[in-house]
Novice: 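My questions will all concern the structure given below.
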Protein chains: 2
Amino acid sequence: MTVRVVLVDDHHMFRTGVRTELLEAAPGFIDFVGEAANVEDAVSVIRREEPDVVLLDVHLPGGTGHGGVDVIHGCLGVETAAGAPVRFLALSVSDAAEDVIAVIRAGARGYVTKTISATDLASAIRRVADGDAVFSPRLAGFVLDAFGVAAGEIAEVDEELDRLSAREREVMRLIARGYQYKEVAKELFISVKTVETHVSSVLRKLQLSSRHELTAWAMGRRLI
Amino acid sequence: MTVRVVLVDDHHMFRTGVRTELLEAAPGFIDFVGEAANVEDAVSVIRREEPDVVLLDVHLPGGTGHGGVDVIHGCLGVETAAGAPVRFLALSVSDAAEDVIAVIRAGARGYVTKTISATDLASAIRRVADGDAVFSPRLAGFVLDAFGVAAGEIAEVDEELDRLSAREREVMRLIARGYQYKEVAKELFISVKTVETHVSSVLRKLQLSSRHELTAWAMGRRLI
DNA sequence: CGTGCCATGAGGGTCGCCCCTGAGGACCCC
DNA sequence: GGGGTCCTCAGGGGCGACCCTCATGGCACG
């Protein structure tokens, strides 16, 4: 039985490469029913085609800048004709923990890097379509760490981030980018004093002591 | 007359995409005589095949970590059977000025991003083989700025950096990394007041107005 | 209906950042 | 020996960053 696949990547030639190699490596197994090069197109194609599996690049133009995460969020609840949920398999050049965690939290069922061979990719697609989760060997370790019982450092990061309120995260992002308090105040239409309060809370909650450490913290987690 | 091409990219599927699309878009025009996925293989394939054009990803595993630049440096003086130099055409996801400048300085004859269409890429290869230089429209501007008579901002970067004294550069590096004046003073065994003087000089010479801009400036030039 | 969290904002204080002026000693070049 | 540049340092002032306490109103949870 064939697997209906939508392919999302902003590089046309990479899409051709994936298509060509998969059709050669596993003839008749995959039915490519759509492609997209940005977040908006991806969401509409997926909603229209209701594929079994979406092959998805993590870094995409469009949306709020979170690429693959935005696509998945935009397709919550979409089901195939058979009633199974649409499965997402992330296909990325990045093996950064933050990217992996983000897209898995968003709901992807697997994550493989673009160095994968065509035959391995074909079997990964088959397994994801069947409901399995698939990860490149190098990634499997810390994915288990992050979601397992003994939560490692990656999981703790998000716990810390979760302790911040929405407004605090908003202020934090601007401060980490080098905005002055005055500029943040103008941007968010609040007073400088309120900005100071939020910044103090953020620094206290994250156990940091200056905006420079905050910048380093945010950069280390690819939040900016 | 066909153009002999070597294709260097660390993603197997992207290579397939390029091959497939170019053979479709311009049948009989290109003769793919070799491929490589890392710096070492690329150099040996190019030396063996002596192609007319090398299509080259900027970011590659192997070598000293400078990817495409290492490949070009490793192939200095290699000529085709006809006696023409081997031409390099960079093909990259990055449109960062630093990447472009670095690979052009190393000797590449062109730089196009991976969003290019197959027909445009085919004509770019033709022109590079003929000795022309080819750049994506978005990149052409600052490449000309950087290498032209009226040196633009990229060329000035080094001039600006040269205007700093050795001590000033030293202080700048620490400040840009987020060190406080006190910490810089302790690190360099000088007084806080001296640090202030140096920082003022640096900011004035670089026409910046705060340590945050300095951080951004230094990061943009990969100095930290 | 109290309790708590959140967003907002104020007053007041310490300290860091950045600027200006000024100055002495070391070194180099003509 | 007199510019020129660099490194060193000081005083003083304006303003931003960060802290503390305190106060208000909204909203949710029990």
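These figures come from a predicted structure and were not determined experimentally. Chain letters run A, B, ... following the sequence lines, proteins first, then strands; residues in each count from 1.
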Novice: Between P on D:dC9 and CG on B:L188, what's the gap in Å once rounded to a whole number?
Specialist: 11 Å
Novice: Round to a whole Å and report the spacing from CD1 of A:I175 to P of D:dC18.
Specialist: 7 Å
Novice: Please tell me if A:T194 has a side-chain N or O lying less than 4.0 Å from either OP1 or OP2 of C:dT8.
Specialist: no
Novice: Out of C:dC18, D:dT8, D:dC19, which nucleotide sits closest to the side chain of B:R167?
Specialist: D:dT8
Novice: Specify the separation, in whole Å, of atom CZ of A:F189 and atom P of C:dG9.
Specialist: 12 Å
Novice: Over all strands shown, is A:S191 touching base, sugar-phosphate only, or nothing at heavy-atom distances under 4.0 angstrom?
Specialist: sugar-phosphate
Novice: Whether B:H198 contacts D:dT8 is assessed here as follows: a side-chain N or O lying under 4.0 Å from the phosphate OP1 or OP2. Is that the case?
Specialist: yes
Novice: Between A:D52 (side chain only) and A:R4 (backbone N and O only), is there a donor and an acceptor less than 3.5 Å apart?
Specialist: yes
Novice: Looking at A:Y179, I'd like to know if its OH atom is crowded, meaning that more than 12 non-hydrogen atoms belonging to other residues, nucleotides or ligands lie closer than 6.0 Å.
Specialist: no
Novice: Calculate the interatomic distance between B:E168 atom CD and D:dC6 atom C1'; express it in whole Å.
Specialist: 8 Å
Novice: Taking the nucleotide of DNA chain D with the nearest heavy atom to each, does B:A166 or B:V192 sit closer to the 5' end?
Specialist: B:A166
Novice: To the nearest Å, give me how far apart NZ (B:K205) and P (C:dC19) are.
Specialist: 14 Å
Novice: Which of parallel (below 30°), tilted (30 to 60°) and perpendicular (above 60°) describes A:F14 and B:F14?
Specialist: parallel
Novice: Select from A:T197 and A:K182 the residue whose nearest nucleotide in DNA chain D is closer to the 5' end of that strand.
Specialist: A:K182
Novice: What is the separation between atom CZ on B:R204 and atom C1' on D:dC6, rounded to the nearest whole Å?
Specialist: 13 Å
Novice: Heavy atoms under 4.0 Å, any strand shown: does A:S210 hit a base, just sugar-phosphate, or nothing?
Specialist: sugar-phosphate
Novice: Under 4.0 Å: is that the gap between some side-chain N or O of A:R211 and OP1 or OP2 of D:dA17?
Specialist: yes
Novice: In whole Å, I'd like the distance from the NE2 atom of A:H212 to the P atom of D:dA17.
Specialist: 9 Å
Novice: Under 4.0 Å, heavy atoms only, any strand: does B:Q180 hit a base, just the sugar-phosphate, or nothing?
Specialist: sugar-phosphate
Novice: Verify the contact: side-chain N or O of A:S165 to OP1 or OP2 of C:dA7, cut-off strictly under 4.0 Å; return yes or no.
Specialist: yes
Novice: Would you kindly give the CD-to-C1' distance between A:E196 and C:dT14, to the nearest whole Å?
Specialist: 13 Å
Novice: Side chain of A:K193 only, heavy atoms from C-beta on: which candidate in C:dG9, C:dC6, C:dC19 is closest?
Specialist: C:dG9
Novice: Do any side-chain nitrogens or oxygens of B:Y181 fall under 4.0 Å of OP1 or OP2 in C:dC15?
Specialist: no
Novice: Please walk me through it: do B:L214 and B:V202 pass side chain to side chain contact (heavy atoms under 4.5 Å, CB included)?
Specialist: CA-CA 9 Å; B:L214 183 58; B:V202 169; 4.1 Å; yes
Novice: Under 4.0 Å between a side-chain nitrogen and a carboxylate oxygen: does that hold for B:K193 and B:E196?
Specialist: yes
